[in-house]
Amino acid sequence: MRTLPVALLVILVASLSQFVEAAQITGEYLEARTCNVYTGPCFANAEMSLTGKEALMAWKVDKGTWNDVKLDGLGAALILHAQGTLGYDGVFPMQAGKVKSVVLVDEKASLEQHEALVAFVKNSTKELSGNVVNVERVPFELENDHIDNIGVFKAGDMAEIRTRKLEKGDCVCTNETVFYQPLTKIDNASPAYSLKLSWQGEKLGTRFVNRGIRSAFLGTFRK
């Protein structure tokens with residue numbers, strides 16, 4: 001009888017080890033939208049269907065493979081433009097309508113890595129990347145400071161996100177909360193203040209620059 005708990009412990013440890021080893025890719029994630037994600041319900045209701053139709057999602061691989069291709073140190077991003085507000089408030093998805101997107105791929109990637117990064121982005125955003133209108137190679141930079149919530153993403157002159165930590169003065173109605181969830185599954189999600197969100201590409205039929213709203217998430221990913 002005394003050996004049963006030990007046997008169960010061995011099985012549990014083995015199962016946990018398999019779970020840890022199952023992750024094939026890990027890294028940093030940064031997202032920003034054209035609406036407040038950390039906000040009060042009254043502000044969110046006023047923005048619905050009017051703002052939040054655009055978003056920028058970016059991943060940088062720390063270590064790992066996708067489709068058996070090593071992607072250490074490389075990154076990719078997805079730019080979104082929808083008919084309506086993108087997002088999910090934890091209860092109901094918004095009525096985003098048709099969504100167009102552009103994939104940006106780190107210019108340092110080889111052809112094989114390029115294809116793997118595009119596949120990774122599409123796998124991570126299945127409901128958002130069904131209509132990719134263009135894939136472009138770009139200079140790619142993504143760095144997150146999770147202590148001060150400083151996130152920096154830059155793809156040449158085409159796309160940019162810069163964030164800082166939310167501060168006391170950023171609360172307007174004192175009823176703020178994370179109203180919208182991140183647009184993809186991530187770990188350690190933390191809302192942040194967008195100092196700048198910019199898309200200056202041509203293929204989406206729209207360009208935008210947003211400054212000074214509570215519209216970003218920093219996080220990590222593990223798949």
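Sequential numbering from 1 along the given sequence is applied to the chain's residues.
- Remark: Ile25 CD1 to Arg222 CZ distance equals 11.5 Å, nearest 0.5 Å.
- Glu54 meets the salt bridge (Lys or Arg N to Asp or Glu O under 4.0 Å) test with no other residue; sequence neighbours excluded.
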Practice problem: Walk me through it: do Thr220 and Asn188 pass the test side chain to side chain donor-acceptor pair (under 3.5 Å)? | Solution: CA-CA 6 Å; Thr220 60; Asn188 308 307; 2.9 Å; yes

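- By the 6.0 Å contact criterion, CG on Asp145 is enclosed, its count of non-hydrogen atoms from other residues, nucleotides or ligands being greater than 12.
- In terms of modelled atom types and a separation under 3.5 Å, the side chain of Ser215 and the main chain of Arg33 share a donor-acceptor contact.
- Applying the salt bridge (Lys or Arg N to Asp or Glu O under 4.0 Å) test to Glu202 and every residue at least two apart in sequence or in another chain returns Arg207.
- A salt bridge between Glu167 and Lys165 is absent, with no side-chain N of the basic residue lying under 4.0 Å from a carboxylate O of the acidic one.
- Tyr29 and Asn144 get closest at one heavy-atom pair: O-ND2, 2.9 Å.
- Here the two rings, on Tyr38 and Tyr180, have centers that are 6.0 Å apart or farther.
- Taking hydrophobic clusters as Ile, Leu, Val, Met, Phe, Trp and Tyr residues chained together by side-chain heavy-atom distances below 4.5 Å, Ile186 does not share a cluster with Leu218.
- Counting all heavy atoms, side chain and backbone alike, Ala55 lies closest to Leu86 at CB-CD1, 4.0 Å.
- Looking at Lys100, its side chain never comes within 3.5 Å of a backbone N or O of His81 through a donor-acceptor pair.
- Taking each heavy atom of Leu104 and Ala159 in turn, the nearest pair found is CD1-CB, 4.1 Å.
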Exercise. Decide side chain to side chain contact (heavy atoms under 4.5 Å, CB included) for Leu142 and Val152; before the verdict, give the C-alpha distance in whole Å, the side-chain angles of both, and the deciding distance to 0.1 Å.
Key: CA-CA 6 Å; Leu142 197 165; Val152 176; over 6 Å; no

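- Summarising the local packing, CD of Gln200 is surrounded by more than 12 heavy atoms from other residues, nucleotides or ligands at distances under 6.0 Å.
- Within the cation-pi definition used here (under 6.0 Å to the ring centroid, within 45° of the axis), Arg214 does not qualify as a partner of Tyr193.
- Residue Ser194 comes nearest to Ala216 through the heavy atom pair OG-CB, 3.4 Å, listed as atom of the first residue, atom of the second, then distance.
- Under the 4.5 Å side-chain contact rule for hydrophobic residues, Leu195 and Leu166 share a cluster.
- Nearest approach of Pro191 to Asn149, heavy atoms of both residues: O-ND2, 2.9 Å.
- Residue Phe221 comes nearest to Glu28 through the heavy atom pair CE2-O, 3.3 Å, listed as atom of the first residue, atom of the second, then distance.
- Residues forming a salt bridge (Lys or Arg N to Asp or Glu O under 4.0 Å) with Lys154 (at least two apart in sequence, or on another chain): Glu160.
- Between Arg137 and His114, the closest side-chain pair of non-hydrogen atoms falls below 4.5 Å.
- Side chains of Thr34 and Asn210: no donor on one and acceptor on the other come within 3.5 Å.
- Checked by atom type and distance alone, the side chain of Thr163 pairs as donor or acceptor with a backbone atom of Gly151 at under 3.5 Å.
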Table please: side-chain donor-acceptor pairs of residues 56-79 below 3.5 Å, with sequence neighbours left out.
from  : atom 1 : to     : atom 2 : distance (Å)
Lys60 : NZ     : Glu143 : OE2    : 3.3
Asp72 : OD1    : Gly64  : N      : 2.9

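- For Ser124, there are no side chain to side chain donor-acceptor pair (under 3.5 Å) partners, not counting sequence neighbours.
- Under the ring-ring contact (aromatic ring centres under 6.0 Å, His included) rule, Phe153 has a single partner from Phe140, Trp199, Phe217, which is Phe140.
- By the salt bridge (Lys or Arg N to Asp or Glu O under 4.0 Å) test, Lys108 pairs with Asp106, sequence neighbours left out.
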